[in-house]
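Have a look at the structure below, then the notes.
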There are 2 protein chains.
Amino acid sequence: MTNPATIEDVARLAEVSIATVSRAIHYPEKVAKSTRQRVNQAIAITGYTTNAMARSLRMGRSNMILVLAPDISDPNFSSILIGLENEARANGYGVLIGHTQNDAERALEYLKFVSSGQAAGLVLFTGHQPFGHEASVERLPPAVAVFEPVFNSSISFVGVDDQAGGRKAAEHLLAAGHRHIAFIGDSKTRLAYQRRRQGYEAAMDAARIPPQQRTVLAGDGSIESGRLCVEQLFMRDTLPTAFMCVNDATAIGVLNGLTARGYDIPREFSVIGFDDIPQATYVKPALTTIRQPRSTIGKKAISLLLTSLEDSQTPPQEVLILPDLIVRGSVS
Amino acid sequence: MTNPATIEDVARLAEVSIATVSRAIHYPEKVAKSTRQRVNQAIAITGYTTNAMARSLRMGRSNMILVLAPDISDPNFSSILIGLENEARANGYGVLIGHTQNDAERALEYLKFVSSGQAAGLVLFTGHQPFGHEASVERLPPAVAVFEPVFNSSISFVGVDDQAGGRKAAEHLLAAGHRHIAFIGDSKTRLAYQRRRQGYEAAMDAARIPPQQRTVLAGDGSIESGRLCVEQLFMRDTLPTAFMCVNDATAIGVLNGLTARGYDIPREFSVIGFDDIPQATYVKPALTTIRQPRSTIGKKAISLLLTSLEDSQTPPQEVLILPDLIVRGSVS
DNA sequence: TTGTATGCGTTATCAG
DNA sequence: CTGATAACGCATACAA
């Protein structure tokens, strides 16, 4: 319960100045072997640990990276996070998570956290700027977005090539013989989803499926919205034979809706998702989907962030990773 | 991209001393109205924001709370977190998350983070001490554990009354007429699970079910372990008619195992879980379970932490909340 | 090789 | 009501 030892305690015990202690820690070769030993001993005795805050204040830079997430329960989040953490750790950085709950005010507080130097850089998991108003954008700390690009900004992005992935999904359905493929979960606001749809359209174009044979339903990426889309479709005359869903959650909703109506998947309908979240394995039938290379994304994001930390002149980049198709049981 | 404004910039612009600026911010009534206005104006112009790091260094206390989680993707985590965040925010604190991945070294780094003053207190989501070795335990910052008590320590705990919950679950099965109830997911290391089992035993005792009619299988709380337990049970002569699972994940595994063998739930077997995670609703049949009052837990945990922050003499407490039974479709 | 002194941005104490 | 100034714990330029 006593206060943590400071560098001064160590100095006193080792009978040297605090400068020497600091040097013994950061430049061991610049201090005589005998004094170095005394210092190390004193450190061991006192249990001294350098006060990260004071250090950051003095150096004007911390060794923490802040990850901003609107929703930590997003199944995509945790595995990307692990990729981030491992790479950060390998480079001497720690990772902190700020949960914004999609709330601008919270985001702003976290932003202050980093601009007051408590974190060196930012990883954004959200698809939008983390600021209430677009004020003070010029004071934005080094940042990189993952999973979903930041709309209309010059922030670097590391993620999956959504368009290529969308195309791959659609082509898989096409190759299975489907001609009438519905796109479920279209979004006006989420860039990643729009790109997936572009991939769908491109594949349909290439297969010479006329636009009037394409069905596109809007959604918000939730399980519930997938189920709802199925209901909507059953109000119509013509039904698709396959569902290409904007993400796995939507696909699970579609699966639920379909089986609730007594249909047998994949015999009567085919369904494909996107992301490959853990749940995709447990659902019945197991979901055929496009896999997010999550740990790769995390890794690349950190190394990108670190280089722009070293050299603030680095121009923003977009790193797109080609996703793989994971064939399971929901397509025939 | 210019450096953030400091208190000195504001002072210069308002033509006052930095002391006055600080006062105008923290004790507005102690400064003349006219100067106060000048200062506020200068603040607005410069976009000044007090540097949290310098402030914390000077004050020896920050307004951040660090939440340590071994596994972000734990479905129990996110909703407790929201409770924590809301209550913290209402009291002027921010919340940061440290993801330990159950790794002692990572935990240690986060611990340094708080002992260097970058966070005022700690919320533990894990069931064990967050230290490599139990060294320096006396220097432990104010902390409170949620969801799972910290084994063998004097850290305050806020969570569900696991024993009462376990008993409630068993009694529900008993009331449905079951006599042979298996307990799935026994654990030697996790205190919360042990308590749930004690509740089970208590209920069985009260119903005068002899110990030899009780079946207890070990598990680790995962979906997979639930499925495995079912396999094990089918190697035996006598089968239970009901499964009381240590948590929902295990229960879902049991459900999967049972339906994979072609059984109809709840007609042929009954299953009850514990936690009420979101997935419990989506599984078929929907899971009858014991609900964790998650946002209440979060709220109480923070207020407990804050009081022990004000007055470090507060003795450790154990706050146990009575959980409710949620009846859905997996018990008959 | 080591020590002294300064400053990072704040808050708080003490005079004026 | 306001201003100088010390201190928080550390790293480093400069002097010795």
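In what follows, chains carry the letters A, B, and so on, assigned in the order in which the sequence lines appear, proteins first and then strands, with residues in each chain numbered from 1. All values derive from a computational prediction rather than experimental measurement.
With sequence neighbours left out, the side-chain hydrogen bond (donor to acceptor under 3.5 Å, both in side chains) criterion links E318(B) to R195(B). For F77(A), the ring-ring contact (aromatic ring centres under 6.0 Å, His included) partners two or more places apart in sequence, or in a different chain, are F125(A). Under the side-chain hydrogen bond (donor to acceptor under 3.5 Å, both in side chains) criterion, N63(B) pairs with no residue at all, not counting sequence neighbours. Residues meeting the side-chain hydrogen bond (donor to acceptor under 3.5 Å, both in side chains) test with D162(B), sequence neighbours left out: R196(B). A search for side chain to side chain contact (heavy atoms under 4.5 Å, CB included) contacts involving S79(B) returns R294(B), not counting sequence neighbours.
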Could you go over nucleotides 2-4 of chain C and give all protein N or O partners under 3.5 Å, atom names and distances?
unit_1	atom_1	unit_2	atom_2	d
dT2(C)	OP1	T35(A)	OG1	2.9
dT2(C)	OP2	A32(A)	N	2.8
dT2(C)	OP2	T35(A)	OG1	3.0
dT2(C)	O4	R23(A)	NH1	3.3
dG3(C)	OP2	S17(A)	N	2.9
dG3(C)	OP2	S17(A)	OG	3.2
dG3(C)	OP2	T20(A)	OG1	2.6
dG3(C)	N7	R23(A)	NH2	2.7

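Rounded to whole Å, atom C1' of dC8(C) lies 14 Å from atom CG of D9(B). Atom NE2 of H26(B) and atom C1' of dT13(C) are 15 Å apart (whole Å). Taking atom CG on N51(A) and atom C1' on dC8(D), their separation rounds to 9 Å, with Å as the unit. In this structure, I7(B) places its CD1 atom 6 Å from C1' of dT10(C), rounding to the nearest Å. As rounded to whole Å, 20 Å separates atom P of dC8(D) from atom CZ of R55(A). Atom CZ in R61(A) sits roughly 12 Å away from atom P in dT12(D) (whole-Å rounding). Atoms CG (L57(B)) and C1' (dT10(C)) sit 8 Å apart, rounded to a whole Å. Atom-to-atom, CD1 of I25(B) to P of dT10(C) comes out at 8 Å; the value is rounded to the nearest Å.
We find the NZ-CZ distance between K30(B) and R36(B) to be 13.0 Å, quoted to the nearest 0.5 Å.
Residue T50(A) is classed as a sugar-phosphate contact, given heavy-atom separations below 4.0 Å to backbone atoms only. Contact annotation for S22(A): base contact, defined as any heavy-atom pair under 4.0 Å involving a base atom.
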> Where do E87(B) and K300(B) land on the salt bridge (charged side-chain N to carboxylate O under 4.0 Å, His left out) test, with the steps shown first?
Replying inline: CA-CA 8 Å; E87(B) 185 69 6; K300(B) 294 232 181 196; over 6 Å; no
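Between dG9(C), dA12(C), dT12(D), one nucleotide has an atom nearer to the side chain of Y27(B) than all others, and that is dA12(C).
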